[in-house]
Amino acid sequence: MNTKMEFSGRDIEAEVTPQSLYLNRRTWLKTAVTAGSVMATYGVYRAFNPIPKVVKAGRRLDGVEHAAVNEADLVAKGYLVEDDLTPRQDIVTYNNFYEFTTNKTAVAAMAEGFDTTGWSITVDGLVESPQTLSMDDLRQLAPLEERIYRMRCVEAWSMVIPWNGIPLAALLDVVRPMPIAKYVAFQTLYDPLRMPGQNTRVLDWPYVEGLRLDEAQNPLTLLAMGLYGEELPPQDGAPVRLVIPWKYGFKGIKSIVRITVTAEQPPTSWNRYSEYEYGFYANVNPEVPHPRWSQATEQRIGESGRRRTLMFNGYESHVAALYDGEDLSINF
Ligand SMILES: Nc1nc2c(c(=O)[nH]1)N[C@H]1C(S)=C(S)[C@@H](COP(=O)(O)O)O[C@H]1N2
Ligand SMILES: [Mo]
């Protein structure tokens with residue numbers, strides 16, 4: 001991103017957690033299946049990973065879907081990556097959320113106490129049924145699912161995160177995009193009193209993002225309201241953020257207050273910041289280097305070596321058809 005936020009090996013070094021603290025993915029699955037609930041899994045996880053003072057546990061989410069613990073089915077759909085989970089402690093203490101600070105390891109403290117009471121999302125634009133939904137309304141739209149996705153930041157670090165949320169498609173179904181609709185635009189809250197980083201000009205505020213309508217309707221595209229079975233902590237985008245696992249992390253806009261269906265491609269914050277560095281599509285592609293660094297490999301947080309980055313972040317079989325016949329190096 002900007003020079004301050006460029007990937008730095010030293011930052012990551014400081015974040016490395018001893019391997020012994022990690023809950024092995026296989027153990028996790030066995031526990032999940034044996035106990036039949038994410039709750040039990042979480043208890044085991046927590047025992048291995050004490051939470052530092054600054055990062056309080058959130059409220060447990062009720063009603064996370066457990067029924068479909070058919071692992072093969074989830075893997076086949078792309079809903080479950082079999083890599084080891086990134087420990088919750090790393091996910092909630094290493095963040096990009098410029099509305100609070102550009103210092104990744106200070107976001108959690110800066111965002112602590114961010115008040116999301118009475119939150120709502122307004123959905124408008126080219127839809128038959130525009131509406132404003134409370135968090136309760138959102139929760140009524142579809143059962144909360146667990147999705148274990150790879151997350152690949154454009155800065156070349158990555159994680160594996162167990163999100164809880166609903167498909168964005170469930171929301172779009174309710175508002176019914178008009179036939180002329182082609183894109184979906186997203187907006188983060190603008191409130192410099194609650195988001196002190198908005199008093200700086202590091203980005204134009206509010207943070208905005210966008211997807212093509214078919215991308216937004218893809219079953220992998222998630223409106224996340226939780227992680228590790230708890231409400232999203234502020235630093236990860238409380239109370240509701242987007243997760244698009246085949247795209248670079250900056251597409252995953254946090255703390256969303258407005259979703260607008262449009263006919264024209266909407267502006268996006270990082271593209272406005274530097275159009276040659278951050279395209280609208282931002283599909284993870286190891287063959288298209290960022291102008292200032294390679295995207296061929298990544299640092300999985302908590303691992304020592306680097307991994308090869310996968311085309312579409314490993315979701316190629318699920319999403320490549322969305323881009324048939326398009327030149328992904330030009331239309332990046
Ligand atoms: N509103 C908003 N959304 C945002 C950002 C941001 O600064 N502001 N950062 C993005 C970037 S660059 C990344 S990598 C992810 C990080 O999500 P995480 O902190 O939950 O891992 O959030 C994305 N969403
Ligand atoms: Mo990012």
Side-chain angles (χ1 to χ4, degrees), residues 1-2 4-8 11-12 15 55 58 85-111 114 116 149-165 185-192 194-198 200-211 222-228 230-245 247-259 268-274 277-278 282 284 290 293 295 298-302 309 313:
M1 316 239 117
N2 64 20
K4 245 184 279 168
M5 297 303 290
E6 257 178 72
F7 166 72
S8 130
D11 273 353
I12 302 280
E15 291 298 300
V55 181
L85 294 179
T86 300
R88 181 182 186 278
Q89 183 167 321
D90 290 339
I91 299 169
V92 302
T93 56
Y94 191 79
N95 300 97
N96 274 332
F97 202 169
Y98 283 19
E99 281 83 343
F100 292 100
T101 167
T102 57
N103 176 351
K104 289 190 212 335
T105 55
V107 175
M110 291 295 290
F114 175 64
T116 61
Y149 285 159
R150 295 184 199 88
M151 209 281 257
R152 172 60 158 81
C153 175
V154 75
E155 298 162 331
W157 53 267
S158 67
M159 297 188 184
V160 176
I161 304 182
W163 300 108
N164 308 106
F186 304 85
Q187 213 177 91
T188 294
L189 175 70
Y190 178 68
D191 184 349
R194 285 147 81 194
M195 295 179 142
Q198 289 178 335
T200 74
R201 292 172 170 259
V202 56
L203 289 174
D204 280 341
W205 311 109
Y207 195 101
V208 289
E209 257 305 336
L211 294 172
L222 194 71
L223 261 184
M225 294 176 253
L227 69 84
Y228 268 112
E230 289 177 350
E231 288 179 354
L232 277 184
Q235 59 270 34
D236 289 284
V240 53
R241 57 93 55 87
L242 202 60
V243 181
I244 315 110
K247 292 179 179 285
Y248 290 118
F250 66 84
K251 299 293 291 182
I253 183 172
K254 296 176 169 181
S255 305
I256 298 167
V257 292
R258 185 167 193 173
I259 299 178
T268 66
S269 285
W270 281 102
N271 183 255
R272 268 183 185 156
Y273 177 86
S274 176
E277 297 184 328
Y278 309 106
V284 175
H290 184 278
W293 59 86
Q295 296 291 24
E298 66 199 54
Q299 177 72 61
R300 178 68 54 83
I301 300 299
T309 289
N313 205 24

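As the structure is a prediction and not an experimental result, all values here were calculated from the model. Side chains included, hydrogens not; waters and symmetry mates left out as well; all remaining heavy atoms used. Counting from 1, the numbers follow the sequence of the chain as shown. Just so you know, ligand 1 is whichever comes first in the structure, and atom 1 is the first atom listed for that ligand.
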Original post:
Can you find a non-hydrogen atom of G252 under 4.0 Å from ligand 1?
Top reply: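 G252 counts as a contact of ligand 1 under the 4.0 Å cut-off.
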
Original post:
Does R241 come within less than 4.0 angstrom of ligand 1, counting non-hydrogen atoms of the residue?
Top reply: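 Distance cut 4.0 Å: R241 passes for ligand 1.
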
**OP:** Answer with side chain, backbone, both or neither: which part of E99 has a heavy atom less than 4.0 angstrom from an atom of ligand 1?
**Re:**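 The side chain, only.
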
Original post:
For ligand 1, does F97 get within less than 4.0 Å through its side chain, its backbone, both, or neither, judged by non-hydrogen atoms?
Top reply: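 Contact part for F97 vs ligand 1: both backbone and side chain.
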
Just jot down the ligand 1 atoms closer than 4.0 angstrom to any heavy atom of [X], in number order.
X	result
D236	18 (P), 19 (O), 20 (O)
N95	18 (P), 19 (O), 20 (O)
T188	1 (N)
C153	14 (S)
M151	16 (C), 17 (O), 21 (O)

Original post:
Which of parallel (below 30°), tilted (30 to 60°) and perpendicular (above 60°) describes W270 and Y273?
Top reply: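 Geometry flag for Y273 against W270: perpendicular rings.
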
Original post:
What orientation do F100 and F97 show, parallel under 30°, tilted 30 to 60°, or perpendicular over 60°?
Top reply: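 Rings of F100 and F97: perpendicular, over 60°.
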
Subject >> Result of checking R150, E298, Q299 against S158 for side chain to side chain donor-acceptor pair (under 3.5 Å) >> reply: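 Of all the options given, the one that passes is E298.
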
Regarding [atom]: of the candidates [options], which has the closest heavy atom?
atom	options	answer
atom 10 (C) of ligand 1	Y207, Y278, F186, Y98	Y207
atom 15 (C) of ligand 1	P206, G249, A224, G197	G249
atom 12 (S) of ligand 1	L242, N96, V202	N96

Original post:
For F186, does its backbone N or O pair with a side-chain atom of E209 as donor and acceptor, under 3.5 Å?
Top reply: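 No; zero donor-acceptor contacts below 3.5 Å.
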
Original post:
Tell me, do L242 and K251 make a side-chain contact under 4.5 Å, heavy atoms counted?
Top reply: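 When only atoms from C-beta onward are counted, K251 and L242 do not touch, as no gap falls below 4.5 Å.
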
Original post:
Do you know which of R300, M151, R152 makes side-chain contact (heavy atoms from CB on, under 4.5 Å) with W157?
Top reply: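 Result: among R300, M151, R152, M151 is the only option passing the side-chain contact (heavy atoms from CB on, under 4.5 Å) with W157.
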
Original post:
If you measure every N/O of Y94 against every N/O of ligand 1, is any gap under 3.5 Å?
Top reply: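 No, since none of the N or O atoms of Y94 sits under 3.5 Å from an N or O of ligand 1.
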
Original post:
Do any nitrogen or oxygen atoms of W157 come within less than 3.5 Å of a nitrogen or oxygen of ligand 1?
Top reply: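 W157 vs ligand 1: no N/O contact under 3.5 Å.
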
**OP:** Tell me, please, which residues at least two apart from T200 pass side-chain hydrogen bond (donor to acceptor under 3.5 Å, both in side chains).
**Re:**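 Partners of T200 by the side-chain hydrogen bond (donor to acceptor under 3.5 Å, both in side chains) criterion come out as none, since no residue qualifies.
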
**OP:** Check side-chain hydrogen bond (donor to acceptor under 3.5 Å, both in side chains) between E231 and all other residues, then give those that pass, not counting sequence neighbours.
**Re:**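 Result, side-chain hydrogen bond (donor to acceptor under 3.5 Å, both in side chains) vs E231: R59.
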
Original post:
Minimum heavy-atom separation for G165 to L222, with atom names?
Top reply: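 It is C-CD1, 3.8 Å.
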
